[in-house]
Amino acid sequence: MASLERNNKILLDLVRQPGNNLCADCGAPEPDWASYTLGVFVCLNCSGMHRNLPAVSKVKSIRLDRWEDSLVEFMQKMGNSAARAIYEKYVPAFFYRPQQKDCNVLKDQWIRAKYERGEFTGENSHCQTLHSFPYVFESMLWKKGKDNKQFLKRVFLLSRKDFTLRYFIKEDSKVPKAVISMKDLNAVFQPEKISHAHGLQISYLHDERMRNLFVYHENGQVIVSLFNAIRATRLAYLQKKHPTLHVNDLIPQITRHCLKEGYMEKTGPTQREPFKKRWFTLCSGNRKLLYFKSPLDATELGAVFIGTESHSYSVSEISGRSTRGGRWHCGITLQTPGRQFVFMCEQEQEQREWLEAITKVISQAMTPEDYASKTMLLYT
């Protein structure tokens, strides 16, 4: 019993040390588990993924399980920093490193890539070739129809030669259904929205409006490989466009999470029109608040450009129930140089989150691309 208590105390001291105090795989604080075969401290969620790799990783709770002296000695020898120097030695700059809030397929494939496939150790020449990513990356994906909910198989072809993503209706098709430039392309995993654990949303500008493609692949490794191939191609495009910028300055621009998504009610420009429920998406990258009829709409209904306070943009909270068909009463006013927008949220928590997200965009300095943007208007 004394040995058990001593070993658990040693582990608890180890996990508080810098490097060990965050999950080795997703960065979650205060990890309570450890892989005693790899020597890393991980969070509860990632420990479950390690359990799926029994030939590579075996995990224990650092608080509840019994630890033998030899295992504790190994954890003292290794730890997250030492393990990272081995298993993350050659991670490409474009490769997405999942965070705590990311979906499971990203974290699962990151863990498998590091420990099961050894893709970043430098010892696997096949994996080094894989992460150089060929000029052409081809995959068959399930894609949601533009005007219906049916998912159909489509061939996607990613090219670094001309920085495009094409997709074809049939395998033997010679002419693509669409040719998408890397210029404005974004890709983000949306498993809940798409109702599939491997759901990926690809967005791009088409005729000055945002176009969404919703796709998935049954194999997690394939869809994450495509996602990282898109990131590699986007980085190559940005490096060509901005040859003087350091790669670290370009990484945040490769793919971007939206700041906030969800339903709000909106009224028209005179504010006398009935309120209508719409799905909104806010992205700091393009400073646009987009709205759709439903989450899986292919094309936006409209967009509001959000500038800075010095350009007469502001957001504030309002109270009082809407009287023109609206059901919600937690209001937001967005003031722009052209007009005032009124949105209603269902819950106060949603209202606070939207206020925080819009305020964050307003507080960000505008880039030359923002000033040159033609999107500083509302589509109706």
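- Within a 6.0 Å sphere centred on CD of Q340, heavy atoms belonging to other residues, nucleotides or ligands number more than 12.
- Checked against the 6.0 Å centroid threshold, Y291 and F280 count as a close aromatic pair.
- In this structure, a donor-acceptor pair under 3.5 Å is present between the side chains of D25 and Y115.
- For the pair M264 and C345, the tightest heavy-atom approach, listed with the atom from each and the gap, is SD-SG, 3.7 Å.
- Taking all atoms of both residues into account, the shortest heavy-atom contact from H50 to V59 is CB-CG1, 3.6 Å.
- A salt bridge does not link K277 to E265: none of the charged side-chain nitrogens sits closer than 4.0 Å to a carboxylate oxygen.
- The aromatic ring centroids of F74 and W67 lie 6.0 Å or more from each other.
- With 3.5 Å as the limit, one finds a donor-acceptor pair spanning the side chains of T255 and R231.
- Proximity of C23 to F41: side-chain heavy atoms (C-beta onward) are nowhere separated by under 4.5 Å.
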Inset, instruction - Begin with the C-alpha distance, continue with both residues' side-chain angles, and end with the deciding distance and a verdict on side-chain contact (heavy atoms from CB on, under 4.5 Å) for V155 and E138. - result: CA-CA 7 Å; V155 176; E138 183 175 344; 3.6 Å; yes
Inset, instruction - Applying side-chain contact (heavy atoms from CB on, under 4.5 Å), run through I180 and L213 and close with a yes or a no. - result: CA-CA 11 Å; I180 305 166; L213 305 180; 3.7 Å; yes
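- The shortest side-chain heavy-atom distance between Q364 and R287 falls under the 4.5 Å cut-off.
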Inset, instruction - Starting from the C-alpha separation in whole Å, work towards a yes-or-no answer on side chain to side chain donor-acceptor pair (under 3.5 Å) for D297 and S294. - result: CA-CA 6 Å; D297 278 3; S294 69; 2.7 Å; yes
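- The cationic atom of R339 (NZ for Lys, CZ for Arg) lies less than 6.0 Å from the six-membered ring centre of F341 and within 45° of the ring axis.
- Using a 4.5 Å heavy-atom threshold, the side chains of K9 and R6 count as separate.
- Closest approach of K183 and R234 over heavy atoms only: O-NH1, 3.1 Å.
- Checked by atom type, the side-chain pair Q347/Q351 shows no donor-acceptor distance below 3.5 Å.
- Residues I62 and V42 do not share a hydrophobic cluster, defined by chaining ILVMFWY side chains whose heavy atoms lie under 4.5 Å apart.
- In this model, a donor atom of one side chain and an acceptor atom of the other lie less than 3.5 Å apart for T281 and E261.
- For E309, the CD atom counts as loosely surrounded, since its 6.0 Å shell holds 12 or fewer non-hydrogen atoms of other residues, nucleotides or ligands.
- A donor-acceptor pair under 3.5 Å is absent between the side-chain atoms of N212 and the main chain of S203, judged by distance alone.
- Counting non-hydrogen atoms of other residues, nucleotides and ligands closer than 6.0 Å to CD of Q76 gives a total above 12.
- Cluster annotation: L165 and Y216 are assigned to distinct hydrophobic clusters (Ile/Leu/Val/Met/Phe/Trp/Tyr, side-chain heavy-atom contacts under 4.5 Å, transitive).
- The closest side-chain heavy-atom distance from L22 to E30 is not below 4.5 Å.
- If you look at W279 and Y263, their ring centroids are closer than 6.0 Å.
- A salt bridge between E88 and R97 is present, with a side-chain N of the basic residue lying under 4.0 Å from a carboxylate O of the acidic one.
- More than 12 non-hydrogen atoms from other residues, nucleotides or ligands lie less than 6.0 angstrom from NZ of K60.
- N186 pairs by the side chain to side chain donor-acceptor pair (under 3.5 Å) definition with nothing, not counting sequence neighbours.
- Of the possible polar contacts, one joining the N228 side chain to the Y96 backbone as a donor-acceptor pair under 3.5 Å is found.
- Taking a cutoff of 4.0 Å between a charged side-chain nitrogen and a carboxylate oxygen, E273 and K266 do not qualify as a salt bridge.
- Side-chain contact check for R166 and T164: at least one donor-acceptor pair (N or O, by modelled atom type) lies under 3.5 Å.
- Looking at D162 and S159, their side chains do bring a donor and an acceptor atom within 3.5 Å of each other.
- H257 is not listed as a side-chain neighbour of S284, based on a closest heavy-atom distance of 4.5 Å or more.
- Remark: K143 fails to qualify as a cation-pi partner of F214 under the 6.0 Å distance and 45° angle criteria applied to the six-membered ring.
- A continuous path of hydrophobic side-chain contacts links F163 to I251 [ILVMFWY only; heavy atoms under 4.5 Å].
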Legend entry - Verdict with supporting geometry, T267 and M344, side-chain contact (heavy atoms from CB on, under 4.5 Å): CA-CA 9 Å; T267 185; M344 306 300 287; over 6 Å; no
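- No hydrogens or angles considered: a donor-acceptor pair under 3.5 Å links the side chains of Q109 and R117.
- Between V315 and I362 the shortest side-chain heavy-atom distance falls below 4.5 Å.
- Of the possible donor and acceptor atoms, none in the side chain of D207 sits under 3.5 Å from a partner among the backbone N and O of R209.
- Looking only at side-chain heavy atoms (C-beta outward), N20 and R16 stay at 4.5 Å or farther from each other.
- Hydrophobic clustering keeps V224 apart from Y87 (ILVMFWY residues linked when any side-chain heavy atoms are closer than 4.5 Å, directly or through intermediates).
- Checking N7 against D69 by side-chain atom types alone, a donor-acceptor pair falls below 3.5 Å.
- When each of R154, K153, M140 is tested with E171 by the rule side-chain contact (heavy atoms from CB on, under 4.5 Å), just one qualifies, namely M140.
- For the pair K144 and F151, the cation-pi test (distance below 6.0 Å, angle within 45°) is failed.
- Ring orientation note: the planes of F120 and W110 are tilted relative to one another, at an angle of 30° to 60°.
- Within the 4.5 Å cutoff, the side chain of N104 has no heavy atoms near those of the D108 side chain.
- A chain of hydrophobic side-chain contacts below 4.5 Å, direct or via other Ile, Leu, Val, Met, Phe, Trp or Tyr residues, connects V247 to F95.
- Summarising the local packing, NZ of K293 is surrounded by 12 or fewer heavy atoms from other residues, nucleotides or ligands at distances under 6.0 Å.
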